[in-house]
There are 2 protein chains.
Amino acid sequence: MATISDVVKRSGISKATVSRVINNHPHVSKEKREKVLAAMKELSYTPNPTARRMRGQLNTTVGLVVHRVVNPYFSYLMDAIERKAAEHNIRVIFFQSKEDKQKEFEFLDLLKQKQVDGMILTTVANSVEDIRPYLEYGPIVFCNEYLRIDDVPIVRISEEDAAFTGVTHLLEEGYRNIAYCTGGLFADEGKDRDRNTGFRKAMEAKQLSINPEWVFIDQHSIEDGRTVMKKITEMDNKPDAIFTGSDEVAAGMTIAAREYGVKIPEDLAVLGFDDQPLCLLTSPQLSTIHQPIEEMGSLAAELIIKLFKGEKLEQLEYELPIKLVKREST
Amino acid sequence: MATISDVVKRSGISKATVSRVINNHPHVSKEKREKVLAAMKELSYTPNPTARRMRGQLNTTVGLVVHRVVNPYFSYLMDAIERKAAEHNIRVIFFQSKEDKQKEFEFLDLLKQKQVDGMILTTVANSVEDIRPYLEYGPIVFCNEYLRIDDVPIVRISEEDAAFTGVTHLLEEGYRNIAYCTGGLFADEGKDRDRNTGFRKAMEAKQLSINPEWVFIDQHSIEDGRTVMKKITEMDNKPDAIFTGSDEVAAGMTIAAREYGVKIPEDLAVLGFDDQPLCLLTSPQLSTIHQPIEEMGSLAAELIIKLFKGEKLEQLEYELPIKLVKREST
DNA sequence: TTGTAAGCGTTATCAT
DNA sequence: ATGATAACGCTTACAA
């Protein structure tokens, strides 16, 4: 690999001026600039990114922390982020946190060590207080997160709107006995709080009350969905529709429905969340809440790139619109 | 961030000796070693990886080129590779090639520029001759590839065995009119050749001949699967089983089957390939060829790590065993 | 406008 | 066993 010194020898021009040309600095005569450019081309010279980084002048690598890459939600997000970053010649290093606090710290340390120049965090295990100190070392962007730190831009959907839209859809289709699933704990904080609010508001708008027996917490997987369906079949007082909060859970329910002879949506309407490709594979195909993953990833990448360039952001919170996709299950 | 010079000041010991301690070199007195270690701890010093890389002494980053991360085959492979790499404190930078030759070169250039210390290539678009020069700059491992370059280790399954096993399964279940799908062109090279050989051998073993009308080439997606099913329903002389070479294609066929009233497996048995999670979501659930993705990724990571350490590999070609998973579609 | 030289944080060479 | 010192490739004061 040719170095800057090779270009110096070849062109007979000083290192400083060559560097100026490389970095498009002004105050270089046309003549010398062209000579340098010629030498660079002849040697097919490329600046060594490692050396640049050591001088502290490089922003080309962003770290991306996801929960698990095999979760389609995250793999689509990665895809969107990587494509946008690639357009700007930014590399993406990725990490799987498995929501392990210790691992998360290890990744954040890469920011401190200048191994990455910025971080996009999609699932934060640690607290605001633990994350904040790392801001000193480089820009951070939250994506699909509910922590709020001053100065940290955040890209997400309105969970309240999503739940409201989903439950309202079920109500409009004529269902009245609505069950509710969540990946969280039906808690009063973060994502849960917002979704719960949406759920409550939708129900209240029709003067309906929430049946606590029909609330399922901590449900994530296809297997969980099967279990939920089983539980419902065993109930005396059964719901006639369910907001699952997850396509996987909804898919699991379709599988179990076949086993138990439950007809979807006649006996039980099932609404997913995310709009993953699997929605088209189940029978019946799943109605769901479409998440604007592509836009979220693309925006998150753009934000961090702006921060790399030292641009000021005119806005810190971005709530992207969801939309309801009606298929066969509701 | 504390630097080696800070440790020097704090401990009153020279840079050279501090460096020796950091790198566990011998010929350092117990006394000084402990002093240095103490200073390092007090300052919570970590060596700067960028500086190390510039000295040419760092092997901590591997580049991983996949076709598309949203393809579950690749996301599971990434997952396996990342987990194994993380065990050894190796970072994974990932790239999506979309099988674009130009992009592939850009990624390989990162090896030249020492942005990554080694490369795992899972889908090579360029020719052997184009790839070979990059070997000079760092180790390369092929995974799920069919190019052969001397000295480049390769991890894959036996495509011939996979096709033979799959087709033989269909024959053993009593099907005789076997259709065949491939993501390739039914060509005489690479992956195709091996799979075709397996297909032929399995058929020949039962003295059956291949009906060229039942061979579908260049089929990849769920949509492709729907099209294949449609074509089959329109045939006068229909096959009674199909080896799809892809779970997606097989899944697409189950969707179309519902639309056209085709019963699987009674009217047409369908065999997938990969054993992706979606196999459990379709009705009927898909029989398929299970790929040892976890093992492939893990092994590929181990190989590149061995090469980082300068270890000699005792073996260059690794063919991992597939197995047939019978579910409801055959 | 141009060039010299210092410095980024390491490791390796060579004396001592 | 230890310590100066050069070197990795680059950018940027500072001087000219």
Side-chain angles (χ1 to χ4, degrees), chain A residues 1-37 39-40 43-61 109-115 117 137-138 308 310, chain B residues 1-37 39-40 43-61 109-115 117 137-138 308 310:
Chain A
M1 290 255 53
T3 74
I4 197 172
S5 303
D6 297 324
V7 179
V8 168
K9 280 181 208 148
R10 192 102 165 98
S11 64
I13 294 171
S14 80
K15 214 161 35 160
T17 299
V18 171
S19 174
R20 289 187 187 104
V21 173
I22 293 168
N23 296 286
N24 278 315
H25 281 303
H27 309 305
V28 177
S29 70
K30 197 162 199 154
E31 183 202 11
K32 300 221 171 195
R33 163 163 277 126
E34 275 162 12
K35 268 191 184 166
V36 170
L37 256 17
M40 282 170 52
L43 297 164
S44 64
Y45 164 83
T46 343
N48 180 323
T50 305
R52 291 182 132 182
R53 184 184 300 282
M54 234 203 6
R55 285 298 277 101
Q57 303 305 309
L58 199 70
N59 282 330
T60 52
T61 308
D109 279 336
L110 300 180
L111 196 57
K112 205 191 270 190
Q113 301 165 197
K114 280 285 171 202
Q115 284 272 78
D117 309 300
Y137 303 105
F308 279 171
Chain B
M1 288 256 51
T3 74
I4 197 172
S5 302
D6 297 323
V7 179
V8 168
K9 280 179 208 148
R10 192 106 166 97
S11 65
I13 294 170
S14 80
K15 215 161 36 161
T17 299
V18 171
S19 176
R20 288 189 186 99
V21 173
I22 293 167
N23 296 285
N24 278 316
H25 281 303
H27 310 304
V28 178
S29 71
K30 196 162 202 155
E31 182 202 10
K32 300 221 172 195
R33 162 164 277 127
E34 276 162 12
K35 268 192 185 164
V36 170
L37 255 19
M40 283 170 51
L43 297 164
S44 65
Y45 163 84
T46 343
N48 180 322
T50 305
R52 289 184 135 180
R53 184 184 300 281
M54 233 199 11
R55 284 299 280 105
Q57 302 306 309
L58 200 70
N59 282 329
T60 53
T61 308
D109 279 336
L110 299 180
L111 196 57
K112 207 191 270 190
Q113 301 166 197
K114 279 286 172 202
Q115 285 272 79
D117 309 299
Y137 302 106
F308 280 170

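When the P atom of D/dC8 is taken as reference, atom NZ of B/K114 falls 16 Å away, rounded to whole Å. Atoms NZ (B/K30) and C1' (D/dT2) sit 19 Å apart, rounded to a whole Å. Distance B/D6 CG to C/dG7 P: 16 Å, rounded to the nearest Å. Atom CG of A/N48 is separated from atom P of D/dC8 by 12 Å (rounded to the nearest Å). Per the geometry, CD belonging to B/Q57 stands 20 Å off P belonging to D/dA6, to the nearest Å. The NZ-P distance, from A/K9 to D/dG9, rounds to 10 Å in whole Å. With rounding to whole Å, A/L58 atom CG is found 13 Å from D/dG9 atom C1'. When the C1' atom of C/dG9 is taken as reference, atom CD of A/Q115 falls 13 Å away, rounded to whole Å.
Side chains of A/N23 and A/R52: a donor on one and an acceptor on the other come within 3.5 Å.
Under the 3.5 Å distance criterion, the side-chain polar atoms of B/R53 are matched with a main-chain donor or acceptor of B/K114.
The base of D/dG3 sits within donor-acceptor range of the side chain of B/R20, with an N or O pair under 3.5 Å. A donor-acceptor contact under 3.5 Å is formed by the side chain of B/K15 with the base of C/dT10.
Considering only side-chain atoms of A/A51, the nucleotide from D/dG9, D/dG3, C/dT10 that sits closest is D/dG9. Counting only heavy atoms from C-beta on, A/M54 has its side chain closest to C/dG9 among C/dT2, D/dA13, C/dG9.
In this model, the phosphate group of C/dT11 is approached by a side-chain N or O of B/N23 to a distance below 4.0 Å at OP1 or OP2. Put simply, A/T17 has a side-chain N or O that comes within less than 4.0 Å of OP1 or OP2 on C/dG3. Contact annotation: A/S14 side-chain N/O to C/dT4 OP1/OP2 distance is not under 4.0 Å. Taking side-chain N and O atoms only, B/S29 has a distance below 4.0 Å to OP1 or OP2 of D/dT2. For A/H25 and D/dT12, the shortest distance from a side-chain N or O to OP1 or OP2 is below 4.0 Å.
In this structure, B/K32 and B/V21 have side chains that are not in contact, with every pair of non-hydrogen atoms separated by 4.5 Å or more. Two residues are said to be in side-chain contact when any heavy atoms from C-beta on lie closer than 4.5 Å; B/T46 and B/M1 meet this criterion. Residues A/Y45 and A/I4 are in side-chain contact: their nearest non-hydrogen atoms beyond the backbone lie under 4.5 Å apart.
Residue A/S19 is in base contact, counting any heavy-atom pair closer than 4.0 Å across all strands shown.
In terms of position along DNA chain D, the nucleotide closest to B/G12 lies nearer the 5' end than the nucleotide closest to the other residue of the pair B/R55 and B/G12.
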